[in-house]
Student: 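Next up is a structure, given as structure tokens.
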Amino acid sequence: MIDDSTPAARLVDVALPAPLFRSYTYAVPDDLSARVQAGSRVVVPLPGKKVLGIVTGEAAKAPPVAPKLVLAAPDAAPALDPALLQLGRWISEYYATPLGLVYRAMLPAAMTSSAKPDRAPKTERMLVLTTELPTLLERERAFARAPKQREVYELLESMGGKGSGPVLRERLGTTDAALQALVKKGLARWERETRMRDPFAGRRVVRAQHAPTDDQRRAIDALRGTPAGDTVLLHGITGSGKTLVYLEFLREVVEQRGQGAIVLVPEIALTPQTVDRFRSVFGDSVAVLHSGLSDGERHDAWRALAAGERRIAVGPRSAVFAPVQRLGAIVVDEEHEQTYKQHETPRYHARDVAIVRARLAGAVCVLGSATPSLETWRNAQDRRYRLLALPERAGAGRLPHVDVVDLTKQPISADPLRRVVSVELEAALERTLDAGDQAILLLNRRGYSAFVQCPSCGDVATCPNCAISLTDHRGPDRLVCHYCQHVEPPRRACARCGGATLARRGIGTQQLEQLLAERFPTARLARMDVDTTSGKWAHAEILDRVARREVDILFGTQMIAKGLDFPDVTLVGVIDADVGINLPDFRASERCFQLLAQVAGRAGRGPKGGRVLIQTRAPGHHAVQCAVTHDYARFVAEELEGRRFPAYPPTVRLANVIVSGVVQESTQQLAQQAADWLRETIAARGWPGLTVMGPAPCPVERIQTRWRWHVVIKSEQAAPLSKLGRALVSTFPVPSAGELRVVLDRDPVSLL
Ligand code: ADP
Ligand code: ZN
């Protein structure tokens, strides 16, 4: 007899972190029913193991075999809300990635690696201001003969009205008594709040509040009037004061509308100044999601945002998934930066995810840059994004004068300095140092020299694992592969012909340091590259020294080109503009122009003005020429033309299919099969506007012992490319026994 009286158990679909495009159906035991909703974390059985997945919703239909039971549901509330679940579905479709893998990437590691229930976060006591003292008179009255209390009061004010006991005590060198006195006077009270270790907490907050310029005011007003869900490109030249525009807009979003916001920055370590400014305005409403957080701390920050205790998330690309409540705005600062692209599954681009998330959430997405990517520029031209411009520098700064030094015309000299620093640049450095100003030098190549070569047979020392030359490093002396980190001792003789003398070619930052120290012995130098910034806060320490005027010449790789705002920097020198200009990649010119324009933008930010010298062997290259004239419009016009034939983004959509394996032959074979399969599938399905190129070896044809081949798909429209990508990833047969791999990289930032 069938018992009709008991209702059938609830069935739910669960996305599991497996490389398969399918969901799994499970039955929900009655006692867990309340905790199992769309977005909940659940522990479910698979043959031989238990896994953690995310409930995607009620099952559409019962599976043919009786479903297994959900084993546990650790959290009281869903981990992902409906809007984030939907965002995940978009990412899964667009980047052809199984949903379970997407959801795993959207959550903090602590929530996907273990099914531990949501433990109570660590809390701390916060002193919160409760009474405003707007006039000086009131202040003097309240703190007559209590200067320490006034200091506490004003520091709290500068921190947005809230600060933790330990931070206040440490920063003011005071005791609990002074804090308690404010409470007694009824000016503040203690509250308990989720503790978050914040490396920026001890930093002085800058309270410089400028009145917006007319251009800034117009941009702020336009942002305030932007319809929910829209995207705006804020194209402001370097030093035009984009940060102030973001801040004023977010002030409206957070304080007037009571909503939350996300601010994406390319790299937290490189942008301490930007982070400081957000903190100084929004204080403890900000959660800084930096890479130094432990898994537990990241989890705490995530929870504080989900609970609405923190309203603004500032962080690198993964912060686009921050569970900010009532999301009103997403700012993507320096939207052209490549660091927004994730280089492992799911290979999403945080800028594009931000645009989609804002649309789904009814938030405004603001993309800011002095040198927008061509894709973004095209979208603004086609009116998919609204364009706001800040064509002039704010405050006292003016765009610097840029000169080119043609390295092919330099006189031959025995002076080793001359191989890096031209007569012109040397003289300019000398003048800058004499005037007591600061200089920034860009050399986008770390190490001592680029490679070592045998002068008799021409052999270059290469990595045993990668098709790439080894870079020569000093202190300790060694050869290093910048792709796989392989290290070997310096070679005494040529590996091929046994020749005993090896020549160092191409100069790196270590050698530049040595040459500068010899030439300018009294100048205080600071080198900034991957090798000098391995410590967690090393970047901020170097930049703080520059800000305190303890450095005369800051030099380093591209990490010194970004976002820095030092008014006393009057000279920027580019040692070698040609590094990277000839890479076999369709974005090589764009990247070169962006780097030159950005580094040039570090000069002349103060009233003293500034000057830029670009050393190059390609003075006629349009990336160099447009950087000299600060002409973004001309650069994009020429570059867009160049991307029509042969067609590259934004003329077409791109996906890169990378086939890799340890055996060269089977890798090449599989790449050929993939290309054939793609062509046949396009023909069979009749999908329009798709072209398949290749296979061909990747420009870097071996990395970490794996050979690499690729097939490039070009598409006129986005939708057919999504379908083809999904078909490839889910049905193209990759031999499961071997170690061959096929990876689909949609909207690649590089084809190397
Ligand atoms: P961007 O990010 O556009 O390159 P920033 O936001 O870093 O520019 O601002 C550049 C400099 O101009 C900063 O030192 C900032 O304090 C200053 N600044 C911004 N707006 C104004 C203003 N309205 N008046 C005076 N100075 C300003
Ligand atoms: Zn290597």
Side-chain angles (χ1 to χ4, degrees), residues 205-220 233-250 263 265-266 270-278 280-281 331-337 366-372 388-400 447 451 460-471 473 478-488 543 546-547 561-569 572 594 597-608 610 630 632 700-708 752:
V205 279
V206 258
R207 263 241 125 179
Q209 284 304 3
H210 300 289
T213 61
D214 288 348
D215 285 334
Q216 285 172 325
R217 167 64 42 216
R218 263 192 294 279
I220 295 161
L233 169 59
L234 179 63
H235 179 218
I237 64 165
T238 56
S240 60
K242 294 183 283 293
T243 316
L244 185 137
V245 173
Y246 305 147
L247 285 170
E248 288 305 312
F249 174 50
L250 292 197
V263 179
V265 292
L270 294 183
T271 49
Q273 289 181 317
T274 309
V275 176
D276 284 350
R277 277 148 90 181
F278 279 94
S280 70
V281 171
V331 171
V332 186
D333 191 23
E334 311 292 357
E335 69 83 29
H336 63 276
E337 283 285 344
V366 187
L367 311 178
S369 177
T371 52
L388 301 175
L390 300 175
E392 270 159 48
R393 281 204 163 171
R398 270 187 295 126
L399 275 181
F451 57 94
V460 171
T462 53
C463 175
N465 310 321
C466 310
I468 214 81
S469 56
L470 292 167
T471 306
H473 281 249
R478 64 213 193 280
L479 295 173
V480 181
C481 171
H482 287 180
Y483 271 82
C484 74
Q485 314 314 326
H486 163 86
V487 176
E488 60 180 70
L543 298 177
V546 180
K562 327 216 152 153
L564 306 183
D565 185 42
F566 300 120
D568 289 331
V569 171
V572 164
Q594 283 164 346
Q598 293 289 346
V599 74
R602 303 311 117 204
R605 290 183 157 241
K608 295 178 196 162
H630 303 289
Y632 174 80
V700 182
E701 63 179 352
R702 194 160 170 255
I703 296 181
Q704 290 191 321
T705 73
R706 298 182 71 83
W707 293 93
R708 303 168 75 239
L752 292 179

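Not measured: the values here are computed from a predicted model. Both counts, for ligands and for their atoms, begin at 1 and track the order of listing.
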Student: Within the structure provided, determine whether V263 and V332 are in side-chain contact (heavy-atom separation under 4.5 Å).
Tutor: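 No, too far: nothing below the 4.5 Å cut-off.
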Student: Is it true that G239 lies under 4.0 Å from ligand 1, counting heavy atoms only?
Tutor: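 The answer is yes, since G239 has a heavy atom less than 4.0 Å from ligand 1.
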Student: Which ligand 1 atoms does T238 reach within 4.0 Å, using its non-hydrogen atoms?
Tutor: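 Those qualifying, in numeric order: 4 (O).
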Student: Against heavy atoms of I237, which atoms of ligand 1 measure under 4.0 Å?
Tutor: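 Result: 3 (O).
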Student: Do the side chains of I220 and L244 get nearer than 4.5 Å, heavy atoms only?
Tutor: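 Counting from C-beta outward, L244 and I220 do come under 4.5 Å.
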Student: Kindly confirm or rule out an N or O of L244 lying under 3.5 angstrom from an N or O of ligand 1.
Tutor: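 Looking only at distances, the answer is no, because the N/O contact criterion of under 3.5 Å is not met.
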Student: Which of the atoms of ligand 1 are close to P212, meaning less than 4.0 Å from one of its heavy atoms?
Tutor: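 That gives atoms 23 (N) of ligand 1.
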Student: Quick check: does C463 have an N/O/S atom under 2.8 Å of the Zn ion (ligand 2)?
Tutor: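 Yes, since at least one N, O or S atom of C463 sits under 2.8 Å from the Zn ion (ligand 2).
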Student: I'd like to know if the side chain of K242 and the backbone of G368 have a donor-acceptor N/O pair within less than 3.5 Å.
Tutor: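 Looks like no, no N/O pair under 3.5 Å.
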Student: Any atoms of ligand 1 less than 4.0 Å from a non-hydrogen atom of T243? List them with their elements.
Tutor: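 Listed by number with element, the hits are 2 (O), 5 (P), 6 (O).
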Student: Select the closest option to atom 7 (O) of ligand 1 among R605, K242, H210, E334, judged by heavy-atom distance.
Tutor: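 When every heavy atom of R605, K242, H210, E334 is considered, R605 comes closest to atom 7 (O) of ligand 1.
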Student: Could you establish whether D333 and ligand 1 come within less than 4.0 Å of each other, counting only heavy atoms on the residue side?
Tutor: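 Judged by the 4.0 Å heavy-atom criterion, D333 does not count as contacting ligand 1.
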Student: Is any side-chain heavy atom of R605 closer than 4.5 Å to a side-chain heavy atom of R393?
Tutor: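 In contact.
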Student: Purely on distance, is any nitrogen or oxygen of G241 under 3.5 Å from one on ligand 1?
Tutor: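 It does: an N or O of G241 is found under 3.5 Å from an N or O of ligand 1.
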Student: For the residue pair E488 and P464, establish whether any side-chain heavy-atom pair is separated by less than 4.5 Å.
Tutor: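 With C-beta onward as the side chain, the pair touches.
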Student: Check ligand 1 against G395 and write out every atom of the ligand that is under 4.0 Å from a heavy-atom position of the residue.
Tutor: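 Answer for ligand 1: 24 (N), 25 (C), 26 (N).
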Student: When you measure from the heavy atoms of R393 to every atom of ligand 1, does any distance fall below 4.0 Å?
Tutor: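 Heavy atoms of R393 never come under 4.0 Å of ligand 1.
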Student: May I ask you to identify, for A211, whether its side chain, its backbone, both or neither come under 4.0 Å of ligand 1 on a heavy-atom basis?
Tutor: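 Backbone only.
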Student: Please determine if R218 and D215 form a salt bridge, counting it only when a charged side-chain N lies under 4.0 Å from a carboxylate O.
Tutor: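 Answer for the salt bridge query: yes.
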Student: Please confirm whether R602 comes within less than 3.5 Å of ligand 1 when only nitrogen or oxygen atoms on both sides are compared.
Tutor: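 No; every N/O pair is 3.5 Å or more apart.
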Student: Within the 4.5 Å heavy-atom criterion, are H486 and C466 side-chain neighbours or not?
Tutor: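 No. Closest side-chain heavy atoms not under 4.5 Å.
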Student: With no hydrogens and no angle check, is any side-chain donor or acceptor of R708 less than 3.5 Å from a backbone partner on R702?
Tutor: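 No, the answer is negative, given that no donor and acceptor are paired below the 3.5 Å cut-off.
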Student: Within a distance under 4.0 Å of any heavy atom of T213, pick out the atoms of ligand 1 and give their elements.
Tutor: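 In order of numbering, the contacting atoms are 23 (N).
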Student: For ligand 1, which atoms, with element, lie under 4.0 Å from some heavy atom of R277?
Tutor: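 Listed by number with element: 5 (P), 6 (O), 7 (O), 9 (O), 15 (C), 16 (O).
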Student: Answer yes if the side chains of Q598 and T371 hold a donor-acceptor pair under 3.5 Å, and no otherwise.
Tutor: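 On atom types as modelled, these side chains qualify, holding a pair under 3.5 Å.
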Student: Any side-chain heavy-atom pair from I237 and L399 closer than 4.5 angstrom?
Tutor: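 Side-chain contact under 4.5 Å: yes.
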Student: Tell me the angle that SG of C481 and SG of C466 form around the Zn ion (ligand 2), rounded to 10°.
Tutor: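 C481 SG and C466 SG form an angle of 110° at the Zn ion (ligand 2).
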Student: Parallel under 30°, tilted from 30 to 60°, perpendicular over 60°: which one fits the rings of H235 and Y632?
Tutor: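 Geometry flag for Y632 against H235: tilted rings.
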Student: Could you tell me whether Q216 and ligand 1 have an N or O pair separated by under 3.5 Å?
Tutor: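 So ligand 1 has an N or O lying under 3.5 Å from an N or O of Q216.
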